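Note that the coordinates shown come from a computational prediction; the quantities given were computed from them, not determined experimentally. So that the names make sense, note that chain A is the first sequence line, chain B the second, and so on, each numbered from 1.
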Amino acid sequence: MELKVHNSLRRRLERFEALTPPHVGMYVCGPTVYSDPHLGHARAALAFDTVFRFLRFLGYRVRYVRNITDVGHLEDETAERGEDKILKRARLERVEPMEVVHRYTVSYHEGMRRLGCLPPSIEPTASGHIVEQIQVVQKIIEAGLAYEQDGSVYFDLEKYVHSGAGDTSGRTPYGALSGKVFEDLMANTRETAGGSDKKSPLDFALWKRAEPTHIMRWPSPWGEGFPGWHLECTTMSTRYLGETFDIHGGGLDLQFPHHEAEIAQSHGAFGRDPARYWLHSNMLTVAGQKMAKSIGNFITLEEMFSGSHPALDRGWDPMVVRFFMLQSHYRSTIDFSNEALGGAEKGFSRLQAMVGAAEDYLRREEGDVPDDRAPSVTGSVTGSVTGADLYRRTDAGPLEDPLAAAGRSAPAPGTLASPPGDGHAAAVADAIEACWSAMSDDFHTPRTIAALFDLGKLTLQPEHRKVAAETQGAAARTLLLFTREVLGLVPAEGHSRREGQGRREGPLDAALELLISLRQEARARRDFAAADAIRDKLAQAGIQLEDGKDGTTTWTAR
RNA sequence: GGCGCCGUACCCAAGUGGUAAGGGAGAGGACUGCAAAUCCUUCAUUCGCCGGUUCGAAUCCGGCCGGCGCCUCCA
């Protein structure tokens, strides 16, 4: 089995081959921290979190770099007098730019954490790499592909495009990534209002002269100014991943002009394409309409979780949002609606129940549960997960999976024995195989989820519980590891479920136990009115009681 | 105007030449004091429309209709 990814450079699926295995370098365009994180941020972060997780699961040592843009991103990149987003916000809120940056960086992190996105390995900021950016500008100038104009430096796009003819570095032609033709762009570009320093409207700023009122400014060979928005990604990806690295990701909206500019800059400065695989996550709509500031249907993560946005009937748990997004492929657009979210919530809770059952099974039958907790401190892989061995097996002969001993490995596709005539074992093997092949097919999370449901059903069906322990164990491990580790779907926030008898952890637990036992007594004397009243009141308070067949009562709070 | 995507059951969503995954909702049943949960069964002869290619098409080609996106804010 091989991993295939959709490369925007050629718009097709390509076999993924790491530049220097087992290492993988991945750069993803992060947020401009000038406002609260919204669903769009979630979509992009989630898409690449999935890529990150699966690559790690395969045993790659991934360095995942995602930047924080805290300077230089103008309100209107094409106009000459665009205002810096951070500065504008700082002016509106009457605070220091760095306060804006810090506040929204924190809220971005918080949102991503709640969505279960692992932190990147490195999260560099543009303002922290001014010196490096200046150096890149100088290199581009030396290459003759940039010009200075009144304290600003612009990339000479026309010259770059026309200099590409004899280029032997295998460079991606300008426009190829986003499917644009330079001449068309030129023809369609109208003259920007007001005087422009640029020689051509498509030239973009590498360095901008700071106006006297511009607070964020740094000294440079061209006077005081600040870096152009596209430059930071070129600079920081090179700094941490090298001049050419494996994967570059970002939202589809960044494909043009941002990523085209990055390719051009990389060639200007280093003479090579920055990334081998370009991955783009698609956009989302809200109730069938694009989510845009101008339409006013931007939903922030906080609004999503709390339900405070008018478009939402109520709040949705971050894990439900995650599950919902993973139910569509990252290259498809996804539409948010209350109805669709409601369906996702039910499905998510069912999947969790199945995973819980798998967990119970492993604990009971094998005395061990795979460590399903995602690393929470660092995004770096430990090097111990060796699913990748499964992929390399072709030339290396049978490998001893070091995790098998630890009881935490997911069985490799094709390794599960399925005795002839045992249709159930074969079905389980198929479902396990489907998990691997779906994720290996451009991180196809919807198909993976479908396979996980299949697996859960096959495992839970009473008539199938007597199959070989090996089969059951393999199913349980796959279900658990793919759900928790690969898809990052963990139980919803604040979700807790305990047996009606026993554990007491706090005063409220004790009070709840009391209510439950009072209700049990009422039921015992067939006073169902009283029993139902207790159950209804607790339900209103967000505590769901469930009576088991053996007379116990469990509760779930949310 | 340039480039591109999509249209599959009530909703969400896979499938891209071999006879329609999965989830939710709905229906019937088991269990239950009743719920809930769980389990079982059921739920598109059909894939926007019309032509064409093919032994065979949701899948390929052409046309039409409808929805959407990027090119400006925005992930």
Item to complete: Starting from C1' on B:C73, measure out to CD1 on A:Ile86 and report it in whole angstrom.
Response: 15 Å
Discussion item. Let's see if you can work this out: which of B:G23, B:A75, B:G4 has an atom nearest to the side-chain heavy atoms of A:Arg11?
Written reply: B:G4
Item to complete: Tell me, please, which residues at least two apart from A:Gln352 pass side-chain hydrogen bond (donor to acceptor under 3.5 Å, both in side chains).
Response: A:Arg484
Practice prompt. Find the distance A:Glu183:CD to B:C3:C1' and express it as a whole number of Å.
Written response: 15 Å
Worksheet item: Looking at side-chain heavy atoms only, is the closest gap between A:Ile86 and A:Val71 below 4.5 Å?
Response: no
Discussion item. What is the distance, to the nearest angstrom, from the NZ atom on A:Lys290 to the C1' atom on B:G4?
Written reply: 14 Å
Worksheet item: Taking C-beta and beyond as the side chain, do A:Val28 and A:Phe52 meet within less than 4.5 Å on heavy atoms?
Response: no
Worksheet item: What integer distance in Å separates A:Phe348:CZ from B:A25:C1'?
Response: 20 Å
Item to complete: Give A:Gly288 one of three labels, base, sugar-phosphate or nothing, depending on what nucleic acid heavy atoms sit under 4.0 Å from its own.
Response: sugar-phosphate
Item to complete: Using heavy atoms to find the nearest nucleotide of RNA chain B for A:Lys180 and A:Phe323 separately, return the residue whose nucleotide is more 5′.
Response: A:Lys180
Worksheet item: How would you list, by chain and number, every residue that makes a side-chain hydrogen bond (donor to acceptor under 3.5 Å, both in side chains) with A:Tyr34, sequence neighbours excluded?
Response: A:Lys293
Discussion item. What's A:Leu452 touching, base or sugar-phosphate or nothing? Going by heavy atoms closer than 4.0 Å.
Written reply: nothing
Discussion item. Under 4.0 Å, heavy atoms only, any strand: does A:Gly40 hit a base, just the sugar-phosphate, or nothing?
Written reply: base
Worksheet item: Are side-chain heavy atoms of A:Met325 and A:Thr445 found at a separation under 4.5 Å?
Response: no
Fill in: Value in whole Å for how far the P atom of B:U72 lies from CG of A:Leu185
9 Å
Worksheet item: Which base sits across from B:U38 as a Watson-Crick or G-U pair, both distances under 3.5 Å?
Response: B:A30
Discussion item. When the P atoms of B:A14 and B:C6 are compared, how many Å lie between them, rounded to an integer?
Written reply: 11 Å
Fill in: Inter-nucleotide C1' distance (B:U41, B:C47), Å rounded
25 Å
Discussion item. Taking any heavy-atom pair under 4.0 Å as a contact, classify A:Asp454: base, sugar-phosphate, or nothing.
Written reply: sugar-phosphate
Practice prompt. Would you kindly give the CD-to-C1' distance between A:Gln255 and B:C70, to the nearest whole Å?
Written response: 8 Å
Fill in: Pairwise C1' distance for B:G7 and B:C12, with rounding to whole Å
14 Å
For nucleotides 27-34 of chain B, tabulate all protein N/O to nucleotide N/O atom pairs closer than 3.5 Å, reporting atom names and distance.
from	atom 1	to	atom 2	distance (Å)
B:G33	O6	A:Arg523	NE	3.3
B:G33	N1	A:Asp532	OD1	3.0
B:G33	N2	A:Asp532	OD2	2.7
B:C34	O2	A:Arg535	NH2	2.6
B:C34	N3	A:Arg535	NH1	2.9
B:C34	N3	A:Arg535	NH2	3.2
B:C34	N4	A:Asp547	OD2	3.1

Fill in: Sugar-phosphate only, base, or nothing, as touched by A:Ala44 at under 4.0 Å among non-hydrogen atoms
sugar-phosphate
Worksheet entry | Under 4.0 Å protein heavy-atom contact, by nucleotide of nucleotides 6-20 of chain B - B base, S sugar-phosphate only | -----SSSSS-----
Discussion item. Taking the P atom in each of B:G69 and B:G52, what is the distance between them to the nearest angstrom?
Written reply: 35 Å
Discussion item. Need one value for A:Leu254: base, sugar-phosphate or nothing, where a base atom within 4.0 Å counts as base even if backbone is also close, heavy atoms only.
Written reply: sugar-phosphate
Worksheet entry | Gap in Å between the two C1' atoms, one belonging to B:U54 and one to B:U59, rounded | 13 Å
Practice prompt. Identify the nucleotide, in any strand shown, that forms a Watson-Crick or G-U wobble pair with B:C68, with both distances under 3.5 Å; if there is none, say none.
Written response: B:G4
Practice prompt. State whether A:Lys346 places a side-chain N or O below 4.0 Å from either non-bridging phosphate oxygen (OP1 or OP2) of B:A25.
Written response: yes
Worksheet item: Quick one: salt bridge (Lys or Arg N to Asp or Glu O under 4.0 Å) partners of A:Arg322, sequence neighbours excluded?
Response: A:Asp49
Worksheet entry | Spacing between A:Leu487 atom CG and B:G23 atom P, to the nearest angstrom | 16 Å
Discussion item. Please report the distance separating the C1' of B:G2 from the corresponding atom of B:A58, rounded so that it comes out in whole Å.
Written reply: 30 Å
Worksheet item: With a 4.0 Å cut-off on heavy atoms, is A:Leu545 in touch with a base, just the backbone sugar-phosphate, or nothing at all?
Response: base
Discussion item. Distance check, P atoms only: B:G23 and B:C40, in whole angstrom units.
Written reply: 11 Å
Practice prompt. Could you list the residues that satisfy salt bridge (Lys or Arg N to Asp or Glu O under 4.0 Å) with A:Glu110, not counting sequence neighbours?
Written response: A:Arg113
Worksheet item: Less than 4.5 Å apart, any side-chain heavy atom of A:Leu177 and any of A:His280?
Response: yes
Fill in: Residues forming a side-chain hydrogen bond (donor to acceptor under 3.5 Å, both in side chains) with A:Tyr330, sequence neighbours excluded
A:Asp442
Worksheet item: Got a sec, which residues hit salt bridge (Lys or Arg N to Asp or Glu O under 4.0 Å) with A:Asp441, two or more places apart in sequence or on another chain?
Response: A:Arg447
Fill in: Pair partner, B:C55 [Watson-Crick or wobble, under 3.5 Å]
B:G18
Discussion item. Quick one: does any side-chain atom of A:His41 pair with a main-chain N or O of A:His38 as donor and acceptor, under 3.5 Å?
Written reply: yes
Worksheet item: Touch check for A:Tyr330, heavy atoms < 4.0 angstrom, all strands: base, sugar-phosphate only, or nothing?
Response: nothing
Practice prompt. Take atom C1' in B:A13 and the same atom in B:C70, then report the distance between them in whole Å.
Written response: 24 Å
Worksheet item: Does B:U46 have a Watson-Crick or wobble mate here (both distances under 3.5 Å), and if so which one?
Response: none
Response to the item:
Across all chains, not counting sequence neighbours, the side chain to side chain contact (heavy atoms under 4.5 Å, CB included) partners of A:Ala451 are A:Ala434, A:Cys435
Worksheet item: Rounded to whole angstroms, how far apart are CZ on A:Arg331 and P on B:C70?
Response: 18 Å
